[in-house]
Amino acid sequence: MIPCSEVFVTPEEPNPEQKDPSLAQTGGGQPRLQKRLGRAQALGISSEMDTLYGRNKEEHPEPIKAEVQGQLPTWLRGILLRNGPGMHTIGDSKYNHWFDGLALLHSFTFKNGEVYYRSKYLRSDTYNCNIEANRIVVSEFGTMAYPDPCKNIFAKAFSYLSHTIPEFTDNCLINIMKAGDDFYATGETNFIRKINPQTLETLEKVDYNKYVAVNLATSHPHYDSAGNVLNMGTSIVDKGKTKYVLFKIPSSVPEKEKKKSCFKHLEVVCSIPSHSLLHPSYYHSFGLTENYIIFIEQPFRLDIVKMATAYIRGVNWASCLAYNKDDKTWFHFIDRKTKKEVSTKFYTDALVFFHHINAYEEDGHIIFDLIAYTDNSLYDMFYLKNLDKDFEENIKLTSIPTCKRFVVPLQYDKDAEVGSNLVRLASTATAVKEKDGTIYCQHETLGEGIELPRINYDYNGKKYKYVFATEVQWSPVPTKIAKLNTQTKEMIHWGQDHCWPSEPVFVPNPDAKEEDDGVVLTCVVKSDPKEAPFLLVLDAKTFTELGRATVNVEMHMDLHGMFIPEQVVKTETD
Ligand SMILES: CC1=C(/C=C/C(C)=C/C=C/C(C)=C/C=O)C(C)(C)CCC1
Ligand SMILES: [Fe+2]
């Protein structure tokens with residue numbers, strides 16, 4: 001992390017006011033921080049132009065009892081913990097992109113039919129430095145903060161260059177991860193932040209890079225049946241190589257080493273060399289079946305030279321990502337037992353994707369489902385300047401999120417003719433043998449207009465039927481949530497006027513017999529901020545409402561989260 005005193009902020013499109021040295025601030029203890037935070041929030045909240053996306057949200061660290069309507073299942077006990085950007089304006093400076101906002105954690109605690117809400121900003125080093133300086137001083141995805149020119153910009157720029165990849169933010173705003181008995185806020189850099197899931201307090205910062213040579217890591221880890229974390233990260237130009245590294249964080253450590261963190265026992269499972277040293281693929285998630293790890297190398301890539309020179313060129317990280325629609329998308333399958341990659345080369349046409357849904361094996365094939373796009377317009381759409389008051393009418397996706405199923409034959413007749421389809425399952429997805437021995441795969445479409453997919457995680461890596469997701473049509477507004485049956489392609493929905501639901505989280509009934517025996521939880525914010533948001537509980541089978549818990553606060557639109565059952569974490573509300 002860059003020391004607070006060494007950087008000052010400039011947004012992507014410099015605002016002359018921000019160059020005013022009189023705005024520079026120094027020092028300040030906790031009360032001062034609070035005062036500044038209040039000011040920043042007030043600034044954000046009073047801004048008329050800001051939509052639900054860009055407005056700063058207040059934190060509510062003390063539990064607030066929600067007003068429950070309907071009947072929540074008595075077995076629903078635990079904490080729904082979620083993460084997402086909550087503050088986009090600090091002092092007079094404003095982030096450019098929605099994904100830049102300071103991480104605001106929030107939780108719904110379910111206990112004896114009652115629901116309590118809390119929210120708290122992640123006290124990352126990024127948050128503390130920004131609030132201390134009363135301006136954005138740490139670079140994020142869409143906003144670059146420069147080293148202070150008065151403090152020897154060239155020495156700093158040189159050190160960025162000599163390290164190839166500069167220090168990244170620890171504003172972990174995307175997801176929540178469980179490792180061992182602990183919970184972490186996650187982003188996509190090498191930093192994660194331990195948090196207290198009950199109080200939402202911020203605890204230690206963990207640098208993955210101390211335990212495994214990665215500069216980036218996904219915010220969507222997987223968990224195996226023993227509760228170990230499996231995650232992937234990118235190691236950039238390390239010892240002359242760029243590779244994708246798969247690693248495992250054990251769920252427990254030997255008794256005599258109990259004081260040590262589970263990260264000290266992190267193991268590298270295997271690594272996959274990048275097709276290109278200076279252009280590794282960007283990825284947001286990866287897939288898992290019972291025997292294989294699935295990594296998709298998409299032609300949406302990071303440009304390392306651009307990243308290494310971003311500070312001196314004054315551009316943001318987002319501008320160091322590029323999509324090449326004429327390139328191939330390569331599929332990699334790693335055998336979880338032998339840790340070796342399947343040698344056959346499988347590929348499909350260029351695509352951009354963020355979320356794997358699920359994957360499984362059937363009759364010698366690997367089947368995997370993704371939400372994919374035909375371009376990278378999704379990231380561009382979330383620039384806050386695009387999300388002004390008329391964005392619902394004006395901003396249209398140029399590519400609709402499509403649920404694509406690929407069926408990849410791992411075992412096939414090696415004497416099959418060139419040009420023949422090797423898929424032996426009932427699917428319109430194909431895998432055609434090419435002259436050079438590579439196999440060209442084409443997908444089957446399962447559905448359209450859905451993002452932020454979730455499944456019953458007990459079915460992760462197994463044959464499954466149901467996807468729960470938010471529905472988006474042609475604008476970046478989640479209007480409904482949906483349940484897609486991957487076998488029949490039927491979809492059922494929940495939606496109400498002016499309601500913007502979040503990623504739906506499936507919670508299984510403890511006595512579940514079927515995949516969809518349980519509930520779906522979604523945070524619903526209202527497009528009219530004067531109307532109170534609520535946590536909605538739906539019967540996962542029928543999508544009928546069981547109940548809702550309304551909280552009279554201005555809730556932020558979030559990204560991802562997890563439900564922690566009461567057996568795992570005590571549901572203290574006092
Ligand atoms: C800061 C930072 C990055 C941030 C990426 C983010 C914040 C991505 C968010 C993605 C989401 C929310 C996708 C949802 O589907 C990069 C590009 C890895 C490059 C290095 C520095
Ligand atoms: Fe995600």
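Whatever order the structure lists them in is the order used to number ligands and atoms, beginning at 1. We're numbering straight along the sequence, starting at 1.
For atom 16 (C) of ligand 1, the nearest protein heavy atom lies 4.0 Å or farther away.
Nearest protein heavy-atom contact of atom 6 (C) of ligand 1 is Glu188 OE1, 3.9 Å. Protein heavy atom in closest approach to atom 3 (C) of ligand 1: Phe141 CD1, 4.2 Å. Distance from atom 21 (C) of ligand 1 to its nearest protein heavy atom, with residue and atom name: Trp317 CD1, 3.3 Å. Atom 20 (C) of ligand 1 has its closest protein heavy atom at Phe168 CE2, 3.5 Å.
Between NE2 of His220 and NE2 of His284, the angle at the Fe ion (ligand 2) works out to 90°, rounded to 10 degrees. With the Fe ion (ligand 2) as the vertex, atom NE2 of His355 and atom NE2 of His560 span an angle of 110° (nearest 10 degrees).
A salt bridge links Asp170 to Arg193: at least one charged side-chain nitrogen sits closer than 4.0 Å to a carboxylate oxygen. Salt-bridge formation is not detected for the pair Glu515/Lys465: no Lys NZ or Arg NE/NH1/NH2 atom is positioned less than 4.0 Å from an Asp or Glu carboxylate oxygen. The residues Glu201 and Lys120 are annotated as not salt-bridged, no charged nitrogen and carboxylate oxygen being separated by less than 4.0 angstrom. Ion pairing between Glu297 and Lys243 fails under the 4.0 Å rule for side-chain N and carboxylate O.
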message = Using salt bridge (charged side-chain N to carboxylate O under 4.0 Å, His left out), reason through Glu140 and Lys94 one step at a time and then give a plain yes or no.
response = CA-CA 12 Å; Glu140 299 292 339; Lys94 196 167 173 41; over 6 Å; no
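Using modelled atom types, no side-chain atom of Ser274 and backbone atom of Leu277 make a donor-acceptor pair closer than 3.5 Å. Side-chain atoms of Thr348 never come within 3.5 Å of backbone atoms of Thr329 as a donor-acceptor pair (strictly under, hydrogens ignored). Formation of a donor-acceptor pair under 3.5 Å by the Thr143 side chain with backbone atoms of Asn96 is found in this model.
Under 4.0 Å from ligand 1, the heavy atoms of Tyr379 that appear belong solely to its side chain. Neither the backbone nor the side chain of Leu452 has any atom closer than 4.0 Å to an atom of ligand 1 (non-hydrogen atoms only). Neither the backbone nor the side chain of Leu378 has any atom closer than 4.0 Å to an atom of ligand 1 (non-hydrogen atoms only). Only the side chain of His284 comes within contact range of ligand 1, with a heavy atom under 4.0 Å; no backbone atom does. With a heavy-atom cut-off of 4.0 Å, Leu559 touches ligand 1 through its side chain alone.
The shell of residues lying under 4.0 angstrom from ligand 1, judged by heavy atoms, includes His355.
The OG atom of Ser251 sits 4.5 Å away from atom CG of Asn228, with the distance rounded to the nearest 0.5 Å.
Nearest to atom 9 (C) of ligand 1 by heavy-atom distance, out of Ile174, Thr234, Leu321, is Ile174. When the heavy atoms of Phe191, Tyr282, Phe99, Phe353 are ranked by distance to atom 12 (C) of ligand 1, first place goes to Phe99.
Put simply, the residue from Phe141, Tyr379, Phe168, Tyr282 that forms a ring pair (Phe, Tyr, Trp, His ring centres under 6.0 Å) with Trp317 is Phe168.
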